[in-house]
Structures are given as C-alpha cells and as structure tokens.
Amino acid sequence: MSLVPMKKLLLDAEKQQKAVGAFSVGNMEMVRGALRAAEARQEPIILQIAEKRLTHSPLELMAPMMVSAAEHASVDIAVHLDHGLTLDCIDKALGYGFSSVMLDASLLPFEENIAVTKTVVEKAAAYGATVEAELGVVGGNEGDSAEHIIQCTDPKKAAEFVNTTGVDALAVAIGNAHGNYPTLPELRFDVLEQIHQTVSIPLVLHGGTGMSSEQFRRAISLGICKINIATASFDALAKEAKQYLTSVSTPDYFQLSEEMVRGVYENVVRHLQIFSNQ
Ligand code: 13P
C-alpha cells in the first residue's frame with residue numbers, strides 16, 4: 001500500500017460502483033485526520049490541496065508531508081493538486097511527487113482550455129501521473145477569489161474535450177458549487193446522465209460539502225468516481241478547535257491538535273461510509 005496514481009483508484013472505484021473521497025488538507029492535523037479515517041476503514045482516499053490555498057499552506061511544506069503520508073499509509077493514497085491555476089504550480093506538484101494534477105482552465109474559451117490541458121497531459125505523462133480537467137463552470141470560489149455563476153457542462157463538448165485532450169478524469173458542472181450551500185442544491189442528474197453516456201472516463205463531482213447521501217449515491221450510479229470534500233473538513237476542524245478552546249481555562253496545544261485531527265477524522269469517516277455504500 002502506498003502512493004498510487006489517482007487513475008488507479010478511480011478505475012477501481014468505477015468497477016465497484018463506488019466513489020473515492022478526495023479530501024482537501026491545509027495543515028498536518030488535516031492530513032493526519034484524513035489518513036486516520038482511511039486506515040480505520042481500510043479504504044483508499046485522495047489527499048488534495050488547491051493552488052489557491054498555498055498562500056496559507058505553502059506547497060514546499062505541504063507537498064512533502066502529503067507525499068510522505070501516502071507512502072507510509074497502510075492503504076492506497078493518491079496525492080492530487082486541485083484547481084491548479086498555473087503551469088508553474090503543475091510542474092512543482094509533479095516534481096514533489098504528486099500522483100495527479102488538475103489545471104482548472106474551465107473559465108477559458110473551449111479551444112484554449114483544450115490547448116492548455118493538452119500541455120498538462122504531456123507534462124503529467126513524464127511522471128506517470130493522472131490528469132483531471134474541468135468543463136463547464138462549478139459555482140462558488142475554490143479556483144480563485146471570484147464567485148462563479150454555475151454553467152452546466154455540455155455533454156457533446158465533454159466528449160470532444162475528453163477525446164482531444166486525453167485527460168483521465170473529468171470534473172462536471174451539474175448545479176454543484178464550492179462552499180456551504182444555502183439550501184440543498186438541485187443537481188442536474190439529467191445532464192450527468194447524458195455526460196455519462198457520451199464520456200467513458202471517470203467523472204468527478206466538486207462541491208461535495210452539504211450534498212445529501214441520496215445525491216451522492218445517485219451521482220455515483222451515473223459515473224461519478226471521485227467526490228471532492230473541502231469546506232466540511234475545514235469547518236469540522238474549526239468547530240472542534242473552538243469547542244475545545246472554550247471548554248478549558250488553560251488550553252493545551254497537544255490536546256488542541258488532537259481535537260482538530262478528530263474533527264477531520266469524523267468528517268472523513270462519515271463521507272467514506274456514504275461513498276462506499278456502507
Ligand atoms: P466543498 O468545499 O464544497 O466541499 O468543495 C470541495 C471541492 O470541490 C474542492 O475542489
């Protein structure tokens with residue numbers, strides 16, 4: 001068990017009608033919490049970090065920790081760059097040993113998204129790494145500081161995009177958004193079904209925080225093999241930290257760290273149970 005290409009996890013999940021959980025991390029407690037959950041359940045996971053988060057969690061510190069965590073795990077782990085914004089960051093992540101990268105060029109015109117994604121596919125091939133790309137616009141603001149209006153993926157364009165670029169996984173926009181939803185989102189499963197019919201590679205669902213178990217399961221039945229969870233883990237960590245700090249008069253760093261790990265662990269376990277249909 002070790003660091004593996006993300007593609008392997010996605011294809012295994014597809015065969016088993018499951019999805020692999022991709023959990024965003026921003027510090028050591030998040031890495032430890034996610035890893036503890038994966039090992040407790042003996043299930044593979046993806047550890048990921050978005051380029052936008054590197055201002056708080058520098059890649060030169062996070063990358064060696066994420067890769068080392070994967071290499072020492074008792075289950076298979078992929079390490080993924082989520083929402084890469086620059087080719088420079090893609091190069092750095094591959095250099096640190098990430099087993100998967102995503103360049104989010106979804107806001108570029110279709111032809112430009114294809115062209116830059118092809119470059120990423122060539123770069124990743126030299127490392128045996130997986131490539132995820134996004135077509136359509138997922139709402140919220142994970143990729144940069146602007147809020148985006150949701151624009152569903154066009155199923156015909158999705159097929160052309162996948163065939164022309166040679167990517168391994170495609171993130172779809174079906175009414176999903178990053179961050180906490182004000183109410184349960186209305187996901188366009190009709191659009192997902194059409195994409196699933198025209199595209200043969202594993203599909204990825206971003207914006208997993210706040211979706212219902214039923215929505216996750218339906219998405220998995222329609223080709224979703226990777227589900228991204230970020231906000232729920234950050235919130236779980238912050239909530240446990242707050243609870244601990246307000247419950248004691250003399251806070252202890254080591255206990256605080258343990259509470260943060262536990263918050264993330266519980267959130268990851270909860271999602272893994274749903275993603276593996278258990
Ligand atoms: P959430 O923050 O909504 O869970 O989205 C995570 C995500 O899609 C990261 O790319």
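Numbering of ligands and ligand atoms starts at 1, following listing order. Sequence positions, counted from 1, serve as the residue numbers for this chain.
Side-chain contact between E43 and F275 is absent, with no heavy atoms from C-beta onward closer than 4.5 Å. Residues F216 and H271 have side chains in contact (heavy-atom distance under 4.5 Å, counting atoms from C-beta outward).
The distance from ligand 1 to the heavy atoms of H206 drops below 4.0 Å at these ligand atoms: 8 (O), 10 (O). Shown in contact with H83 at under 4.0 Å from a heavy atom are these atoms of ligand 1, numbered in order with element: 10 (O). Taking a cut-off of under 4.0 Å to the non-hydrogen atoms of I229, the atoms of ligand 1 that pass are 4 (O). Interface atoms of ligand 1 facing D82, defined by a heavy-atom separation under 4.0 Å, are 9 (C), 10 (O).
For A230, a nitrogen or oxygen atom sits less than 3.5 Å from a nitrogen or oxygen atom of ligand 1, counting backbone and side chain alike. When only interatomic distances are considered, the shortest N/O to N/O separation between H178 and ligand 1 falls below 3.5 Å. At a 3.5 angstrom cut-off on N or O pairs, G179 counts as close to ligand 1. In terms of N/O distances under 3.5 Å, ligand 1 is approached by T209.
In summary, the side chains of E51 and T86 do present a donor paired with an acceptor at a separation below 3.5 Å, with no hydrogens or angles considered. Side-chain atoms of N176 and H206 form no donor-acceptor pair, as typed in the model, at a separation below 3.5 Å. One side chain, R41 or S276, offers a donor N or O that lies under 3.5 Å from an acceptor on the other. Remark: the T231 side chain and the D235 side chain contain no N/O donor-acceptor pair separated by less than 3.5 Å.
Proximity of T231 to ligand 1, defined as any heavy-atom pair under 4.0 Å, is shared by backbone and side chain alike.
With hydrogens and angles ignored, the 3.5 Å screen pairs no side-chain donor or acceptor of S233 with any backbone N or O of I229.
The closest approach between any non-hydrogen atom of G207 and ligand 1 is below 4.0 Å.
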